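It should be emphasised that the depicted structure is a prediction, and the values quoted were computed from it without experimental measurement. Counting starts at 1 for both ligands and their atoms, in listed order. Scope of the values below: all heavy atoms of this structure, side chains included, with no hydrogens, waters or symmetry mates.
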Amino acid sequence: MDSTKLRKLFLDFFRKYEHTIVSSSSLLPTDQSVLFTTAGMQQFKPYYLGEKSPYGNNVASCQKCIRTSDIEEVGDERHLTFFEMLGNFSFGGYFKEEAIKLAYNFIVKELKLKIDYVTVFSPDKVIEGDWRKGVQEDKESFEIWKKVGVPEKKIKKEGIDSFWGPTGDEGPCGPTTEIYINGIEVWNIVFNEFFCDKDKSLKKLEPAGVDTGMGLERLAMVVQKKETIFETDLFESLIKEIEKLSEKKYKDYQKEFRIIADHIKASVFLASEGVAPSNLAQGYVVRRLMRRVVRYGKLLKMSDDFITPLIKIVVEIYKDVYPELAKKHDEIISIMRQEEEKFEKTLEKGLKILSQELRVRDYNPNKETKDIPDITPIDGILAYTPPVLTGKWLFDIYQTFGFPLELSLEEIEKMRGKMHRLELERVKKEFYKEMEKHQELSRTASAGMFKGGLADASLETTKLHTAAHLMLAGLRKVLGKHIFQKGSNITAERLRFDFSHKEKMTPEQIKMVEDFVNEAIKKDLPVKFEEMTLDEAKKINAMGVFESKYGEKVKVYTIGPGDEIVSREICGGPHVERTGILGNFKITKEESSSSGIRRIKAILEQ
Ligand code: SER
């Protein structure tokens, strides 16, 4: 049974049981606390909370979803960033008994599938102190499963894996019961009994609701008796096309094929909703997805513009279900091609740096690379790399140029022959350690705990942060010592900076500040920090912003070596290690912010 039939069968089944069929909502939700639609229930969230549903109490849908939390997992047998979710929902219409019976009948009677086992929620499996610990055991679901014919030994008790929600900061949530077939979770049936607050406290929801979700790809996999989701008809033609374009066999490069196939789908769907690659929010996700497609395409040695034929295949697979894909076909191709070309250039630059650097290392194994005069640093990377091959350096290359470790290692081996097993292990270990550190930082950032007015801990944001220090020094030089920082807000895309000054800056003054910053960038100055007491910091004339906030010890960031210090500020970081990496600094706006305060917006161009 192909996936088109499956979708229809599901929706027809629920129509027969008096559910209204509702179309998929957009991938971009109205709920601002989440980036994407990740579940079928999201468009119905208000109806669980008492708002009257225009569709009646019982509905069913097939929802387009994007989940990015699993992006690093894609490449295995069952993780995806884009997927479709079949679901039936009830807002006070029916509850556990009916929901379980409907699911059982669809799976066992309609599709004739064999259930491996089901799970039900039990707080005994939840650790002490968890916010779900106080929820009662779902004995009712246990009894209902027995009644419909699932033997007791196939009903497993589970902890937080059998509890769902909320999506976003707050919302409906509750215990779930899940159906497993051939070892994988196929259907998640949530009983929305609670409302979960921002602080994770639970209130009873009256009436309780039902929210179910079944991944179409996984269902297709079990119905079509395939080993993985990538062998189903939802992927088959894509995989074949990649085989054709790369002249390689899927069985030899499963991970690469799967990543390309999944990410191209997600990108096409997002582009069809007008999301273009950028450094912000949803746009950043498309950029990341697209760049991974290009990188893995490179690993498979795909020729230029392998993207267009793949886009065509995605549109072909889905055009009947999601007509917007065919309508926006040309627009999608143009958005994605542009990004591909842009990224190709970045990759080329990265490759050049990588091979140049390797040559330096190999000819001068004992020398600091920065002492070698005949090699010009590009984007500063060369200048701060250590003389031995380290995973940290490869991680920097990955962060700046999107070079995956595999690609770097391949280049290295091409240039200097096969690496020794021990060196390879060390480098890999270091790389992943660095990656973990970075993820830790990003998590801190997403929890809103990041210092210095930075929106995140990405390299782009960090670069702009260092640029802000240089700019403050430039402003003080050009306009005078009355200039103090009054606030800043930095994202991956731009810096915003408020400072004390009364008059509008002239174009000449703006140019002088830009020149000052770009001069410091060109010199590729080192950026260092030291910890000291506030008094010591004041003694060496470090600039401070909001003094009252500082604790006993402060960090002082200094840009430039001893005889050429251009900036010295009390600051929590983070900063880049050398200024050469920053690119070209440009002030895009200078305006009044409030009385006596001016505001600058500035960017770094590559
Ligand atoms: N909201 C649940 C899920 O996404 C069930 O639909 O798994």
* Identify the residue among Phe95, Phe89, Phe121 that makes a ring-ring contact (aromatic ring centres under 6.0 Å, His included) with Phe191. => Phe95
* Can you tell me if Asp2 uses its side chain to pair, donor with acceptor, with the backbone of Lys5 under 3.5 Å? -> yes
* Asked: For atom 2 (C) of ligand 1, what's the nearest protein heavy atom and its distance?
  ->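 Its nearest protein heavy-atom neighbour is Trp164 CE2, 3.4 Å.
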* Shortest protein heavy-atom distance from atom 7 (O) of ligand 1, along with the residue and atom involved -> Asn188 ND2, 2.9 Å
* Determine whether any heavy atom of Glu178 lies closer than 4.0 Å to an atom of ligand 1. =>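 So Glu178 does not count as touching ligand 1.
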* Tell me, please: is Met214 in heavy-atom contact with ligand 1, that is, under 4.0 Å? =>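 No heavy atom of Met214 comes that close to ligand 1.
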* **Lys/Arg cation over aromatic Phe194: Lys204, 6.0 Å, 45° cone** =>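 Checked: cation-pi criterion met.
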* Asked: Within 45 degrees of the axis of the six-membered ring of Tyr117 and under 6.0 Å from its centre: does Lys156 put its NZ or CZ there?
  ->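 The answer is yes, since Lys156 meets both limits relative to Tyr117.
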* Should Asp211 be counted as touching ligand 1, given the test is an N or O pair under 3.5 Å? -> yes
* Asked: Going by distance only, is there an N or O of Ala39 that falls short of 3.5 Å from an N or O of ligand 1?
  -> no
Number the atoms of ligand 1 from 1 as they appear, then name those within less than 4.0 Å of a heavy atom of [X], with their elements.
X: Arg67; result: 3 (C), 4 (O)
X: Val190; result: 2 (C), 5 (C)
X: Met85; result: 3 (C), 4 (O), 7 (O)
X: Gly213; result: 5 (C), 6 (O)

* Asked: Would you say the side chain of Met85 lies within less than 4.5 Å of the side chain of Arg67, judging by non-hydrogen atoms?
  -> yes
* For ligand 1, note which part of Gln63 has a heavy atom under 4.0 Å away: side chain, backbone, both or neither. => neither
* Asked: Taking heavy atoms and a distance under 4.0 Å, where does Thr212 meet ligand 1: side chain, backbone, both or neither?
  ->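 Contact part for Thr212 vs ligand 1: backbone (N, CA, C, O).
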* Take atom CD in Glu18; do more than 12 heavy atoms of anything else shown fall under 6.0 Å from it? ->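 Atom CD in Glu18 is not packed in, count stays at 12 or less.
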* For Glu243 and Lys248, run salt bridge (charged side-chain N to carboxylate O under 4.0 Å, His left out): C-alpha distance rounded to whole Å, both residues' side-chain angles, the deciding distance at 0.1 Å, then the answer. => CA-CA 5 Å; Glu243 281 193 326; Lys248 296 200 172 46; over 6 Å; no
* Would you please classify the geometry between the Trp131 ring and the Phe163 ring as parallel, tilted or perpendicular, with 30° and 60° separating the classes? =>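 Aromatic pair Phe163/Trp131 classed perpendicular.
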